[in-house]
Amino acid sequence: MALDEKDLDAMLNAYPAKVKKNRKKHILVHDSSQARQEIEANTRTIPGIITNRGCAYAGCKGVVLGPLKDMVHIVHGPIGCAYYAWGTRRNKAKAEDSKQNYLNYCFSTDMQESDIVFGGEKKLAKMIDDVVATFHPNAITISATCPVGLIGDDIGAVAKAAEQRHGIQVLGFNCEGYKGVSQSAGHHIANNGLMDKVIGSGELTEAPEKFAINLLGEYNIGGDGWEIERILQEIGYHVIAVMTGDGSYAALKNAHVAELNLVQCHRSINYIAEMLETKYGTPWLKVNFIGIQGTIDSLRNMAIYFDDPALTQKTEAVIAREVARIEPIMEQYKRLCEGKTAFCFVGGSRGHHYQGLFAELGVKTVLAGYEFAHRDDYEGRDVIPEIKPDADSKNIPNLTVTPDEKLFKLKISPERAAKLKQTIPLSNYQGLMAEMTDGSIVVDDLNHFETEALIKALKPDIFASGIKDKYVVQKMGIPAKQLHSYDYSGPYAGFNGAVNFAADVSMAFTTPTWNYTTPPWKNQPLLAGTIESN
Amino acid sequence: MLECTPQTITERSAGKINPAKTCQPIGAMYAALGIHKCLPHSHGSQGCCSYHRMHLTRHFRDPIMATTSSFTEGACVFGGGANLKTAIKNVFAIYDPDVMAIHTTCLTETIGDDIPSIISSAEIPAGKLVIHTNTPSYVGSHITGFANMTKGMVNYLAESDGKPKKEQVNLLPGFVNPGDMLEIKRLVKAMGIKFIMFPDTSGVVDSPMTGEYVMYPSGGAKVEDIRDSGNSKLTLALGSFASTDPAHQLERKCKVPALTLKTPIGIKATDELLMALRQSFVQEIPAELATERGQLVDVMTDTHFHFHGKKVAIFGDPDVVIALTEFVLSLGMVPIHVLTGTPGNAFEKKVNAMLLEAGVSARVKAEGDLFELHQWLKHEPVDLLIGNTYGKYIARAEDIPLVRIGFPVLDRSVHSYLPVVGYKGAMRIIEMISNALLDRADRDAKDEDFELVM
């Protein structure tokens, strides 16, 4: 079943007029015959709408900073914000030194009423002193929560004073939850801070080994980053730093020496990739390690970039071996999944990335969208110059960088870069819509009402989203796959990840538990018998 | 695991490390779900609502619906009135609840939004209700938030008709699972006493699979029942931290006498609940409950050697921890560390009194954190840890079996359906404790000591 613009319009009639007018701009039926289709994104969610979106703090501390394992992340605010970002995102990490792994710890200044009234700076400074005395971390971050900005605590000044007292970096992040319109603002605030204060502060001036790369926008959920690194290392790549899954402060300081930056999640990190190119001369390549073909394409594009015969040969050898190994397994799962349809509504990149993997299982994505993406994530980077800053995006400080006098090193010539851009997505991303089929639905900031209505209209066989809508969808008898936390499974990236995903999705389709939804008495009359005739 | 935690305890005066509490609004959201056809609303930034829904959904594995005022920087400057009024309009137009229950957040408390005046100037459809409570995240804990929303129900809904009080009891269950609420109701029903329970999340966050999604499941306290609670002759506040405050408010507002009891976890607390009902309503304990009690005592006695004398550490929410401490004492166990993250002197006073009576010396702390609990355990190890899922890191680090009771339990399922309250719940706790200890004994036994019968 398909929906057209008219059907969508009718569906939105259930909304009050203002809401309908707003939401209409966030939903479209994909039509490649149109020269371009514009979607509204990264704008405010209307109050009173059941949205999946979170806040700037969640994007800053929860997503970007939290995974950095060798830093103590202090959350300055009342207890809740620290508590909810404690162990809840599955960003796994192995520490080189187990005494410098703070991932299972939660640090909160636990602001009380008196701190709100009289200011919380002293308490924050005291907590930093306590933390240094007890844990001796390499560095500390401070993330601000809503009341901090409102009462005017100057966390930057507290951080600076603490740096002088303790001789370690203390970074303040003003990621109050009301900033911006979603987590995206927080990604930006966190990454700007790391770009400005950490990257480039290491001792290396050039890469210690050949084929040195950074992996940007990979958060190692369920061990995704480890599977990607397994493949990359075998081919011969040297991973300098990961932003930020299983990442470390120590590694991040030397991220400037990489010869290429890979961008997995375009949404959360594309501007940092741009800045790294400007400041250190390192180009970036859009990769997608979700799905077999996505992984193969990414590896081949990397090989094209480095243009080394041995590397290219090894790339092909690894691809051939891995594909031969997993294809028969995937084939078995494909038989269970073939011909089904999916909704894929996730974050800021997975709404796109998982479509390829679904397709490899024979599952067609009939609706996709992002929770907190910007227009370029839907429409491609060409649209960026057209995106006008609004009151909310203007609140996020813009970082401007210039070539670093000492560390700028052009990794490839402009001529070669220009040539490469014609064949590989170097410094480029086409967005989610380019790969979707005509007639499929694209929705930005999908909400509860639309979820219910669109499921009823399109009856997908599986719904890929997050925990907040998972059980709503399952109550409707439709399997729901969490693509934020992977339902506590994973990795889903790379070759092994594709197999894990295929197994989990097949399990969701085939679990016998679905057979019991309708009780036996529903389809049988209470009274059974025959009519006697005399 | 947790290798950065040193054994040496140094005094920390600022902040919490590995907290044993969270903030008020999540408690308020949970309580609000205990009203039939109610949509909780979080007046603050989107992240609060998102985090609370995430956490509650993970604990209950059921849909947790709530809306948010979706604050931006502009709303912080100009006040959240416009956002809240828009939200009220949209909530009723799109999601059509009978009641919208607003709670505040640290943001809206700090900027001082006056919720009643915003509500009074909002468009509310005829027959629909908007209630509110203030839940500043920088005061108390999620338990305080639960109490405040329950108090909000009293403030907005409970009414006295001025006639003689009815032969019915109000039950304020506190922050417990729907399985517990069901069990408490079953006990009171078995006593033959008419009751009104609020909040009541049974039938809401434990909704059945039918192949159809229902936004407002059949459960939850009905507004007319909460209204009628002002005419009851008694309120039983189960758990002083979560329930006393709203019970007193009902006493002030509608002259319904309030009696605070423990959360009915364990034999003594359940006895006290039944005895209070028996006395107030002159109803004899039915044979059915007498048998259940007898069975419980039978099990306690038959298996006492599984747990007697074992050292135990208990952490979690104050009402649950107080009752659990009492119960493990009844089992002959030795609680040597007892901690809650929620502030309040009453916690230490109550627990210390029980321990004094039992002749047990222990470290007892309110407003503590799990980092400190871990350090205590390094100094004085225990045989068993009882608490929520966050205890699993300590349990692994120190190789201590963990029994999961409380909120949240994020890594095990079914817990929210089964009670820990009442005689049946006590039997279930014994099963959990015994199994954890016996599994450990089996794991650690040499081949020659590995036993068939235990």
Side-chain angles (χ1 to χ4, degrees), chain A residues 14-16 19 44-55 57-58 77-80 82-84 98-99 102 104-113 115-116 123 126-127 130 133-135 146-147 150-151 177-179 181 391-392 395 448-449 452 467-468 471-472 475-477 517-518, chain B residues 1-4 6 10 12-19 21-23 25-26 44-48 50-51 53-55 57-58 61-63 65 67-76 83-84 86-91 93-95 106-107 110-111 136-139 209-213 393:
Chain A
Y15 280 142
V19 177
R44 294 178 188 178
T45 299
I46 306 161
I49 295 293
I50 300 179
T51 173
N52 277 4
R53 279 178 167 181
C55 63
Y57 161 80
I79 199 73
Y83 183 85
Y84 300 116
S98 59
K99 295 235 187 258
Y102 308 108
N104 293 323
Y105 290 83
C106 171
F107 300 86
S108 168
T109 54
D110 187 22
M111 284 175 102
Q112 298 297 302
E113 193 152 25
D115 303 316
I116 301 291
K123 193 174 194 184
K126 179 71 177 63
M127 184 160 199
D130 287 351
T134 307
F135 295 91
C146 292
L150 300 174
I151 64 171
Y178 53 76
K179 291 203 169 150
V181 299
D392 300 310
N395 288 332
H448 173 73
F449 168 76
E452 261 199 86
I467 186 66
K468 294 190 289 288
Y471 301 109
V472 170
K475 287 274 194 275
M476 298 165 99
T517 304
T518 310
Chain B
M1 186 52 62
L2 299 182
E3 283 174 55
C4 308
T10 44
R12 290 180 288 124
S13 56
K16 295 279 182 289
I17 304 175
N18 301 348
K21 65 167 179 182
T22 181
C23 61
I26 194 172
S45 296
Q46 274 161 197
C48 309
S50 181
Y51 274 137
R53 290 182 60 208
M54 169 194 83
H55 228 59
T57 306
R58 285 177 168 174
R61 295 179 202 251
D62 226 41
M65 306 314 281
T67 48
T68 164
S69 292
S70 290
F71 262 66
T72 57
E73 196 147 349
C76 300
N83 285 48
L84 187 52
T86 307
I88 292 172
K89 192 173 171 218
N90 287 333
V91 160
I94 303 168
Y95 304 112
C106 48
L107 189 166
T110 304
I111 65 172
S137 317
Y138 43 76
V139 175
M209 171 69 125
T210 60
E212 233 178 291
Y213 168 71
Y393 295 91

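As the structure is a prediction and not an experimental result, all values here were calculated from the model. Numbers restart at 1 for each chain; the letters A, B, ... are given by sequence-line order, proteins then strands. Note that these values count all heavy atoms, side chains included, but never hydrogens, waters or copies made by symmetry.
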Non-hydrogen atoms of chain B under 4.5 Å away: do they reach the side chain of A391(A), the backbone, both or neither?
neither
Answer yes or no: is there a donor N or O on one side and an acceptor on the other, between the side chain of T57(B) and the main chain of R53(B), under 3.5 Å?
yes
Would the distance check show the side chain of Y138(B) and the main-chain N or O of P147(A) forming a donor-acceptor pair, the cut-off being under 3.5 Å?
no
Region of T518(A) in contact with chain B, defined by heavy-atom distances below 4.5 Å:
neither
NZ/K123(A): more than 12 non-hydrogen atoms of other groups inside 6.0 Å
yes
Highest number of heavy-atom pairs under 4.5 Å with chain A among S70(B), C48(B), P63(B), P136(B) belongs to P63(B)
Side chain, backbone, both or neither: which part of V472(A) has a non-hydrogen atom closer than 4.5 Å to chain B?
both
Measure distances from Y105(A) to the heavy atoms of chain B and classify the residue's part below 4.5 Å as side chain, backbone, both or neither.
both
Just verifying a value: how many Å separate T72(B) OG1 and Y178(A) OH, rounded to the nearest 0.5 Å?
11.0 Å
Residue part contacting chain B, namely of C146(A), when any heavy atom lies under 4.5 Å:
side chain
With a 4.5 angstrom heavy-atom cut-off, could you sort out which part of R53(A) is near chain B: side chain, backbone, both or neither?
both
Will you find, in the side chains of Y83(A) and S108(A), an N or O donor that is under 3.5 Å from an N or O acceptor?
no
Who wins among M1(B), K89(B), R12(B), H55(B) for the most heavy-atom pairs under 4.5 Å with chain A?
H55(B)
I'd like to verify something: which residue of S98(A), G477(A), A14(A), A82(A) has the highest number of heavy-atom pairs under 4.5 Å with chain B?
S98(A)
Per-residue tally against chain B (heavy atom, under 4.5 Å) across E452(A), Q112(A), K126(A), K99(A) peaks at Q112(A)
Yes or no on side-chain contact (heavy atoms from CB on, under 4.5 Å) for M111(A) and T110(B), after CA distance, side-chain angles and deciding distance?
CA-CA 12 Å; M111(A) 284 175 102; T110(B) 304; over 6 Å; no
Is Y51(B) close to chain A through its backbone or its side chain, or both, or neither, when contacts mean heavy atoms under 4.5 Å?
both
Select, from C76(B), A93(B), A75(B), P6(B), the one with the greatest count of heavy-atom pairs under 4.5 Å involving chain A.
C76(B)
Interface moiety of I50(A) toward chain B, non-hydrogen atoms closer than 4.5 Å:
both
What distance do Q46(B) atom CD and I49(A) atom CD1 have between them, rounded to the nearest 0.5 Å?
11.0 Å
Report yes or no: does N90(B) contribute a side-chain atom to a donor-acceptor pair with the main-chain N or O of P16(A) at less than 3.5 Å?
no
Note: vs chain A, highest number of non-hydrogen pairs under 4.5 angstrom among A14(B), C106(B), G44(B) is A14(B)
side-chain contact (heavy atoms from CB on, under 4.5 Å) between D110(A) and K21(B), intermediate numbers included:
CA-CA 10 Å; D110(A) 187 22; K21(B) 65 167 179 182; 3.1 Å; yes
Counting only heavy atoms closer than 4.5 Å, note whether D392(A) contacts chain B via side chain, backbone, both or neither.
side chain
When heavy-atom pairs shorter than 4.5 Å are enumerated against chain A, which of V139(B), T67(B), I88(B), T10(B) gives the highest number?
T67(B)
Closest approach of G80(A) and T22(B), non-hydrogen atoms and distance?
CA-OG1, 3.5 Å
Atom pair SG/OH of C23(B) and Y84(A) - distance to nearest 0.5 Å:
4.0 Å
Under 4.5 Å heavy-atom distance to chain A, tell me which part of E73(B) shows up: side chain, backbone, both or neither.
both
Among F449(A), F135(A), Y15(A), who wins on heavy-atom pairs under 4.5 Å with chain B?
F135(A)
Please determine, among G77(A), P78(A), C106(A), C55(A), the option with the most heavy-atom pairs under 4.5 Å with chain B.
C106(A)
For the OG atom of S50(B) and the CG atom of N52(A), what is their distance to the nearest 0.5 Å?
7.0 Å
Name the option with the most non-hydrogen atom pairs under 4.5 Å to chain B; the candidates are M127(A), H448(A), K475(A).
K475(A)
Looking at chain B, which one of I46(A), D115(A), I116(A) has the largest number of heavy-atom pairs inside 4.5 Å, strictly under?
I116(A)
Quick one: does S69(B)'s side chain have a donor or acceptor within less than 3.5 Å of a partner on F71(B)'s backbone?
no
